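Naming: A, B, ... by sequence-line order, numbering from 1 per chain. This structure is a prediction, so every number in the text was calculated from the model and none was measured.
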Amino acid sequence: MAGTGPRGRAERRNAGELESEVLAALWATDRALTPAEVQAEIGGGLAYNTVHTILKRLYDKGLTVRDADGRRGAYRPAKNAAELTAEAMHKALDQGPDPIAALQQFVTGLNPEEERALRDLLGGER
Amino acid sequence: MRVDVYTPFLLSMLLAAVSPRVGRRVAPALAARVLAGAALVTAAATAWSLLLLAATLVSAAPPVVTDAREDGRPLPEPVPEAVAFAACALLLFMAHRFFRAARSEYLTRRALRLLCEGHPPDTELIVAASPIPKAFAIPGRAGSPGRILVTSAMLGALSAEERRVLLSHERAHLHHRHGRLCTAVILAGAVNPFLVPVRRTVVFLVERWADERAAAVVGDRACTARALARAALTAGCQEPSHGLGFTDRAVTRRIAALQTAPPPRLWGLAATVLALGALTALGTADATGDLVRLLAPILA
């Protein structure tokens with residue numbers, strides 16, 4: 001995974017960065033995740049205790065909730081703030097080209113030829 | 001004065017001509033910094049030169065002309081009057097472009113800050129529960145490190161390692177204050193439209209810079225390239241209007257760059273760019289001296 005390997009050495013992550021990664025992992029799936037599952041998902045040789053501490057901290061900040069109907073100790077991301085942000089973002093996007101469209105995005109649009117080339121790069125998967 | 005005063009215009013065209021080449025060959029972090037620095041100096045020098053040209057009109061002002069006639073002194077006319085009037089018009093045009101660009105930058109920042117509301121202040125990642133795949137960095141104000149906004153659709157499309165690339169990329173934007181660099185070149189391009197190609201190059205280089213940082217953090221260039229490809233395909237599916245052959249191929253070029261070795265820090269080429277910027281400043285300084293010498297006797 002993201003640890004050391006023949007391809008080069010990955011850099012160490014600090015607490016704030018790990019928090020972002022754990023939160024991102026929880027959002028990336030529809031299921032609630034236990035600390036062990038989060039640990040397996042983000043890899044990089046993280047100790048179980050570290051993952052547990054991060055999940056606890058996210059919970060204290062109100063960014064995660066404990067899975068109500070599911071398994072003990074599993075977490076889901078909290079929706080409220082994220083939905084408010086989405087609403088604000090959609091509003092800003094609808095306002096026209098000014099505020100967010102002018103912004104540097106991680107990626108920009110593709111033409112059909114580029115799209116084919118990128119699919120090839122990903123090995124034909126969708 | 002007759003020649004010097006025009007150097008910023010000539011050199012800004014030259015800077016625009018070399019910027020894509022510099023962008024392709026020099027390490028992005030170095031290239032972005034020197035191009036932005038040179039563009040800033042050149043933009044300031046251009047504005048100052050126009051101001052000098054406009055100031056020559058002083059020698060055509062009625063009281064000055066009457067005085068000179070009474071004393072029997074010849075009137076200095078360093079540049080034709082038509083040029084001076086054109087400079088005035090250009091100055092107004094530039095000021096208009098500058099304020100429009102500055103306002104749009106301000107509105108963007110304000111819109112971005114609104115997105116952070118309701119999230120605890122000490123978290124880096126802000127997730128928007130949105131079906132539109134998007135990711136961007138929100139620069140912080142003085143002292144604060146800034147935030148990373150990613151939508152749930154984008155997070156769901158990427159693997160764990162790819163998410164790490166995305167986060168590292170946006171983190172690099174924040175850490176190296178790319179927002180400021182971009183604002184600087186946007187304003188420079190607004191003041192001097194000849195510098196627009198430099199702006200485009202720097203905006204692209206800033207992305208390349210963040211890609212290189214992400215590749216270093218994750219320790220895997222191929223994975224970084226895959227993350228970009230997956231994110232671009234995810235975003236592309238959502239916005240069919242963007243897919244009609246009208247793109248700047250930025251993502252494709254970034255991926256291609258990740259599939260080769262990182263470009264070297266060519267200090268020679270970087271120094272040339274800085275020298276171009278310095279030359280515009282020198283030319284304008286010289287022209288200023290000349291104008292002061294010409295006008296001093298008639299204004300005394």
Using heavy-atom distances under 4.5 Å, tell me whether A/A25 contacts chain B through its side chain, its backbone, both, or neither. both
Quick check for you: to the nearest 0.5 Å, what is the distance between A/L63 atom CG and B/L125 atom CG? 9.0 Å
Where is the tightest heavy-atom contact between A/A86 and B/A129, given as atom of each residue plus distance? CB-O, 3.3 Å
Determine whether more than 12 heavy atoms belonging to other residues, nucleotides or ligands lie under 6.0 Å from atom CZ of B/R25. no
Inter-residue atom distance B/L115.CG - A/E87.CD, 0.5 Å rounding: 12.0 Å
By number, which residues in residues 254-262 of chain B have some heavy atom less than 4.5 Å away from chain A? B/R254, B/I255, B/Q259
Side chains of B/T151 and A/M89 in contact at under 4.5 Å (non-hydrogen atoms): yes
In Å and rounded to the nearest 0.5 Å, what is the NE2 to OG1 distance from B/H119 to A/T85? 2.5 Å
Can you tell me which of A/R57, A/E17, A/K79 forms the most heavy-atom pairs within a distance under 4.5 Å of chain B? A/E17
In terms of heavy-atom proximity below 4.5 Å to chain A, should B/V127 be classed as side chain, backbone, both, or neither? both
Checking heavy atoms, do the side chain of A/E113, its backbone, both or neither come under 4.5 Å from chain B? side chain
Is any side-chain heavy atom of A/H90 closer than 4.5 Å to a side-chain heavy atom of B/I132? yes
Close side-chain approach of A/E19 and B/E124, heavy atoms under 4.5 Å: no
Does the side chain of B/I148 reach to within under 4.5 Å of the side chain of A/S20, using non-hydrogen atoms? no
Measuring heavy-atom distances to chain A, does B/L167 have an atom under 4.5 Å in its side chain, in its backbone, in both, or in neither? side chain
Compare all side-chain heavy atoms of A/L84 with those of B/E117 and state whether any distance is below 4.5 angstrom. no
With the threshold set at 4.0 Å, does a side-chain nitrogen-carboxylate oxygen contact exist between B/R164 and A/E21? yes
Could you check whether any side-chain heavy atom of B/S130 comes within less than 4.5 Å of a side-chain heavy atom of A/E83, counting everything from C-beta outward? no
For A/D30, look at atom CG and say whether over 12 heavy atoms of other residues, nucleotides or ligands are found less than 6.0 Å away. no
Run the salt bridge (charged side-chain N to carboxylate O under 4.0 Å, His left out) check on B/R253 and A/E114 step by step: do they pass? CA-CA 10 Å; B/R253 284 190 291 151; A/E114 288 175 286; over 6 Å; no
Largest heavy-atom contact set with chain A, pairs under 4.5 Å, which of B/E105, B/H169, B/R171, B/H178: B/R171
What are the two closest heavy atoms between A/I42 and B/A160, and how far apart are they? CA-CB, 4.4 Å
Scanning both residues in full, the closest heavy-atom pair of B/A229 with A/L121 reads CB-CD2, 3.7 Å
